[in-house]
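Written below as structure tokens is the structure these notes are about.
Within every chain, numbering begins at 1; the chains are lettered A, B, ... in the order of the sequence lines, protein sequences first and strands thereafter.
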Amino acid sequence: MGDYKPQEIEAKWQKRWEENRVFETESDPTKKKYYVLEMLPYPSGTLHMGHMRNYTIGDVVARVKRMRGFNVLHPMGWDAFGLPAENAAIKNHTHPRVWTNKNIAEFQRVLRRFGFSYDWRREISTCEPEYYRWNQWFFLRMLEKGIAYKKKSRVNWCPKCCTVLANEQVVNGGFCWRHEDTRVEAREIEQWFLKTTAYAEQLLEDLKELEGGWPDRVIAMQRNWIGKSIGAKVWFVIDEGSDSSGAESQASAAKTVGAKAPTPERKIEIFTTRIDTIYGASAVILAPNHPLVAELVASKAEDSEAGRKPGHYTAEGRSRKLAEMKVSSVKGEDIATAEKDGFFTGRYAVNPFNEEKIPIWVGNFVLMEYGTGAIMAVPAHDERDNEFAVKFGLPIPVVVSRVGETMPPERAEILTEYGMSVNSGPYSGLTSQEAIERMAADAEKGGFGNKETIFRLRDWGISRQRYWGTPIPVIYCEKDGLVPVPDKDLPVVLPANPKLTGEGQSPLATDPEFVNVKCPKCGGPARRESDTMDTFVDSSWYFYRYCDPHNEKAPFDPAKVAYWFPIDQYIGGITHAILHLLYSRFWCKVMRDLGLVKHNEPIGRLFTQGMVQKGGVAMSKSRGNVVGAEEMAQKYGADTGRIYTLFAAPPEKDLEWSEDSIEGAWRFLNRVYRLVDRRANSLKSTDSAKARKEPIYTEKEKELLRKAHQALRRVTQDFEGRWHFNSAIAQIMELVNAIYAAEPLEEGVRPEVQKEVLELVTLMLAPMTPHLAEELWEMLGHANGLWTVNWPEFNTELATEDEVEVPVQVNGKVRGRVTVAAGAAQEEVLEKAKADAGIAGHLDGKALRKVVFVKDKMLNLVVG
RNA sequence: GCGGGAGUGGCGGAACUGGCAGACGCGCAAGACUUAGGAUCUUGUGGGGUAACACCCGUGGAGGUUCAAGUCCUCUCUCCCGCACCA
């Protein structure tokens, strides 16, 4: 007899698993496969119980699937490039590689301490040239296909990261995803992009394949992010004649545009989803950084209303106003809440549908990044336009009324819904939907517009002006221009000893040995690209590399990937709902088009687990509320930590850490241990199979086996179906309680039945508390490890109750219960119910009008 | 504003396709064993009510469907998350 000593037990079994290479897997097309994966960690800080919850869920699934006979791939690796490593290295005067590798060693040690069933031979680290050379290889393929391209554009700059961010890395309407208190700034920088927009339609369309397998909200978030809008573009011709007093400036402007006379029509292209409201347009409004604005503003057209009406200025006033607006837009002031602002350019444009001249304005609420950077303002039917029009005194003509209303609605109401067109020339009387169709078609026929679908999704900006990332493999030659690094020269390795300052310049650019190269084409002097890639490139395809982690000739062997993919179950935090998961889907489609993979989507099922919180907020080092994984393992053992996180809440919900509740988990495991320990010796040589071969059961045996198989049925369902680990554990607890209640087992329960029941407890616990289960299994006299044992089949017959207690309702209220043999017919139950004094009292003197009977479940007597 | 989700005891949470609401655990209370116990075992524990039953109320709120509603329908309130002057 001994105590449960998790420290000893856990070390012992981890060693055995390793010696027996229990978790090592090879692809084998003759076996059914299962690929379960947790998102790879960024090795920084300490592993806390929030991480462990994630890995525990994955590990339970991996172990259950193994017990069910699947060939299971369950790997682990490190998202090892990234800014924190570089910043920490600067701070501590060390090298990012040193800092990172130290963390990796630490992470690995703690993960091993928890006994997760990883195939460690497949471990990858994205900062190794063996890995990132394939980032470069993929980049070159994308360059060839025109998917990777370089352009100068307005980008998001985080002053703290000192680098550009992708749109997906800008959160909360303008803040850095790493520094949630820091606003991003707009900068004009030349950088590399991957053309995610080329896949916008597919990324949206294929979300349908993911329905059912991915959480609804992740699908919704991606759909939202891609942001498809179906509408039309319409061209408004700029009225040149209106600029009577600006001939001089117009001539100079004409130089950049074309000949003055005959003036080729210059147009402002607007995008709208409501072309049906175009008769109600009272202005064209441009984004402050729209390319035409500078020129329109510079024209000398004086505004006769200048100074008398809001938004009207002289030419100088307009320039000043524009400069002001640009400054606030660069600062990234909160555009969602900022007051509408703008000014009249002094110029007009012609509505192509009714030839009406309407003023051209500049407005702070029009975004260059969306649509065409220009809109038509329809103040009667759009809230924002209305606000603008009211502030600046623009007319508000009504062109839509509710269907069935003969008179246009009062102007006070802004009708944004569909209705019926009014005051819209030949389109009056059509429904909005009809008008949209007809008018878009007519615009196309008339040559002044077309149907158009636009997306909110932007191309993925991947250039980063930092050191600790994958060098972008291109060279700039004075003679040959942009030259890709030839495949044979890959990898382009990071220089070993960079000068890291953390200031806004690519560290690689300061290293002459790295930068100065010979042009691969002409051999002349050339410069290397000195930016590195966004680290989300690394994580966009890493799960493919696990299938073939040491391949030196290719990113992976397509045959191996074809066997393992798609990922059967991916597990991670909701944080990556857009970033990592969208990029990964994009990468998969690119690889498919390169002929490397055959599937459209890399991840079949996605599970987003809840956070582990303490004090109501997620555990994080900076908040100082972490429960360290290692301390936890030292105090209670890994198994207690594992079962606690599984039991305390369903896996998709947030979990508030409770020191009291973990004591409960610890007590439970001790209870199980004692149960086995107190009779381990006497049962060692007992053959539990005998219990199954000679099924002559005493009442007590029957009762125990029934409980055991009922639990097994529920636990099996909970593991296979919706991952109700908490209720699975509750079932096992009930069984354990029942065994305690049946003590002393020696009275009335044969040894083989005792052993059978204890083995079932052990096997059910095995995926969740694998160390303890192995130990119990051994204590029960088994020399083979649990890894050789299959998941037990539950026996319906054993699980079935002989007798059931049927609640009896009178008029829908439970008034009593009768005990009958399972499966008893209505007549029998009814008879017993009538005989029951308590129930009879409620029936007294009333006519029985209806009887509802559900076998073994309930009897309802309707009287009255 | 748009989209997604959640409201059940003192707490975490159960309840498969409508069929005994509160499984299991924590906490709390009582008892047993003990020199002692913050160990272990047993019992009790939604609220009201009763000597004890009976009975009444009860899954955010208001209606509805049904023999029967935490579960389905309509309306509504609160909270959390994501996106957001997206034209």
Side-chain angles (χ1 to χ4, degrees), chain A residues 3 171-174 215-225 227-229 231 270-274 277 285 287 334-340 363-367 369-378 382-385 387-388 416 454-456 574-575 577-578 644 647-650 652-665 667-668 670-671 674 713-714 717-718 721-722 724 726-734 736-737 740-741 743 805-817 838 841 849-864:
Chain A
D3 290 334
V171 299
N172 300 329
D216 289 343
R217 65 170 168 160
V218 175
I219 292 176
M221 282 162 77
Q222 292 217 356
R223 190 165 279 142
N224 202 323
W225 185 259
K228 183 177 180 174
S229 290
I270 62 107
F271 176 77
T272 179
T273 54
R274 292 297 303 273
T277 63
I285 309 181
D334 202 343
I335 45 173
T337 54
E339 204 194 326
K340 298 274 176 299
N364 64 343
F365 69 104
V366 180
L367 309 172
E369 295 77 30
Y370 188 75
T372 58
I375 63 162
M376 63 174 188
V378 184
D382 182 283
E383 311 226 352
R384 297 151 300 171
D385 297 348
E387 202 186 315
F388 194 82
T416 56
I454 63 164
F455 293 90
R456 207 187 78 114
I574 187 73
T575 5
I578 292 176
Y644 167 68
F647 180 62
E652 70 278 6
K653 284 189 73 173
D654 287 345
L655 183 165
E656 174 68 26
W657 188 265
S658 154
E659 219 34 58
D660 280 340
S661 294
I662 197 158
E663 287 281 351
R667 279 203 292 264
F668 170 63
N670 274 282
R671 219 163 126 81
R674 281 194 300 272
R713 178 166 56 198
R714 282 285 306 274
Q717 286 165 357
D718 285 342
R722 282 186 296 160
H724 287 188
N726 53 339
S727 68
I729 295 166
Q731 289 296 314
I732 302 171
M733 286 174 167
E734 277 191 66
V736 169
N737 290 346
Y740 267 88
E743 291 278 28
E805 200 179 54
V806 178
V808 179
Q809 302 178 342
V810 178
N811 287 343
K813 291 195 169 175
V814 179
R815 297 298 184 184
R817 295 159 220 282
R849 290 205 315 211
K850 190 174 177 182
V851 177
V852 183
F853 178 68
V854 182
K855 195 169 77 179
D856 294 346
K857 283 279 165 66
M858 50 79 55
L859 175 74
N860 190 8
L861 307 174
V862 186
V863 298

Rounding to the closest angstrom, what is the interatomic distance between [N] and [M] at atom [atom1]?
N	M	atom1	value
B/A15	B/A52	C1'	31 Å
B/C55	B/U50	C1'	9 Å
B/A32	B/A39	C1'	14 Å
B/G4	B/C57	C1'	35 Å
B/G49	B/C33	C1'	37 Å
B/G31	B/G38	P	13 Å
B/G27	B/U34	P	25 Å
B/G19	B/C73	P	15 Å

- Message: For B/C67, does the base pair up with any side-chain atom of A/Asn860 as donor and acceptor (N or O, under 3.5 Å, distance only)?
- Response: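 Counting by modelled atom types and ignoring angles, a donor-acceptor contact under 3.5 Å is found here.
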
- Report yes if a side-chain nitrogen or oxygen of A/Arg384 is closer than 4.0 Å to either non-bridging phosphate oxygen (OP1 or OP2) of B/G1; otherwise report no.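 No, no such contact exists.
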
Atom-pair distance ([atom1] on [X]; [atom2] on [N]), nearest Å:
X	N	atom1	atom2	result
A/Leu861	B/A68	CG	C1'	12 Å
A/Met221	B/G5	CE	P	13 Å
A/Asp382	B/C2	CG	P	14 Å
A/Ile219	B/G82	CD1	P	19 Å
A/Asn811	B/U66	CG	C1'	13 Å
A/Arg456	B/C2	CZ	P	17 Å
A/Gln222	B/C81	CD	P	21 Å
A/Asn224	B/C86	CG	C1'	10 Å

- Item | Distance in Å, A/Asn670 CG paired with A/Asp3 CG, rounded so as to fall on 0.5 Å steps |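 Going from CG on A/Asn670 over to CG on A/Asp3, the span is 7.5 Å.
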
- Task: Can you measure from CD1 (A/Ile270) to CD1 (A/Ile375) and round to the nearest 0.5 angstrom?
- Result: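 If we round to the nearest 0.5 Å, A/Ile270:CD1 and A/Ile375:CD1 are 8.5 Å apart.
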
Heavy atoms from C-beta onward define the side chain here; which of [options] lies closest to that of [X]?
X	options	value
A/Tyr370	B/G4, B/C24, B/A87	B/A87
A/Trp225	B/G82, B/C83, B/C67	B/C83
A/Asp660	B/C83, B/G27, B/C85	B/G27
A/Arg217	B/C81, B/C85, B/A23	B/C81

Looking at [Y], is its backbone amide N or carbonyl O close enough to the side chain of [X] to form a donor-acceptor pair, meaning the two atoms are under 3.5 Å apart?
X	Y	result
A/Ser661	A/Ser658	no
A/Asp718	A/Ile729	no
A/Arg815	A/Gly841	no

- Message: Can you work out whether A/Glu734 or A/Thr372 has the more 5'-proximal nearest nucleotide on RNA chain B?
- Response: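 Final value for this comparison: A/Glu734.
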
Pairs under 3.5 angstrom, nitrogen or oxygen only, protein versus nucleotides 41-44 of chain B, please.
unit_1, atom_1, unit_2, atom_2, d
B/C41, OP1, A/Arg671, NH1, 2.8
B/C41, OP1, A/Arg674, NH2, 3.1

Which pair of heavy atoms, one from [X] and one from [Y], lies closest together, and at what distance?
X	Y	result
A/Arg456	A/Asn224	NE-O, 3.6 Å
A/Ile732	A/Phe668	CG2-CZ, 4.1 Å
A/Gly373	A/Val366	O-CG1, 3.5 Å
A/Ala287	A/Leu367	CB-C, 4.0 Å
A/Ser229	A/Tyr370	OG-OH, 2.9 Å

For [X], answer base if it contacts any base atom (sugar-phosphate contacts may also be present), sugar-phosphate if it contacts only those atoms, and nothing otherwise; contact means non-hydrogen atoms under 4.0 Å.
X	answer
A/Val854	base
A/Val851	nothing
A/Gly664	sugar-phosphate
A/Met858	base
A/Gln809	base

- Task: Name all residues meeting the side chain to side chain donor-acceptor pair (under 3.5 Å) criterion together with A/Arg667; count only those two or more places apart in sequence or in a different chain, and write none if there are none.
- Result: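 Here no residue qualifies.
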
- If the glycosidic angle is within 90 degrees of 0 it's syn, otherwise anti, so just tell me which one B/G9 is.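 Judged by the O4'-C1' to base torsion, B/G9 sits in syn, the angle falling within 90° of 0.
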
Determine all donor-acceptor pairs shorter than 3.5 Å in which one atom belongs to a side chain in residues 849-864 of chain A; sequence neighbours excluded.
unit_1, atom_1, unit_2, atom_2, d
A/Asp856, OD1, A/Gly823, N, 2.7
A/Asp856, OD2, A/Gly823, N, 3.4
A/Asn860, OD1, A/Gly812, N, 3.1

- Assess whether side-chain hydrogen bond (donor to acceptor under 3.5 Å, both in side chains) is satisfied between A/Arg671 and A/Asn737, documenting all intermediate values. CA-CA 9 Å; A/Arg671 219 163 126 81; A/Asn737 290 346; 2.7 Å; yes

- Query: How does protein reach along nucleotides 8-17 of chain B, written 5' to 3' as B (base within reach of a heavy atom under 4.0 Å), S (only sugar-phosphate), or - (no contact)?
  - Reply: ----BSSSB-

- Note on the structure: The contact string for nucleotides 51-57 of chain B, one letter per nucleotide 5' to 3', using protein heavy atoms under 4.0 Å with B, S and - for base, sugar-phosphate only and none, comes out as ----SSS

- Message: I want to check a possible cation-pi pair here: A/Lys340 against A/Phe365, using under 6.0 Å from ring centre and within 45° of the ring axis as the test.
- Response: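 Here A/Lys340 passes the 6.0 Å and 45° test against A/Phe365.
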
Close side-chain approach of [X] to [Y], heavy-atom, < 4.5 Å:
X	Y	result
A/Trp657	A/Tyr644	yes
A/Thr272	A/Val378	no
A/Asp382	A/Phe388	no

- Query: Can you list the stems that include RNA chain B, where a stem is three or more consecutive Watson-Crick or G-U pairs with distances under 3.5 Å?
  - Reply: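 RNA chain B forms these stems: B:1-7 with B:77-83, B:10-12 with B:24-26, B:27-32 with B:40-45, B:46-48 with B:55-57, B:60-64 with B:72-76.
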
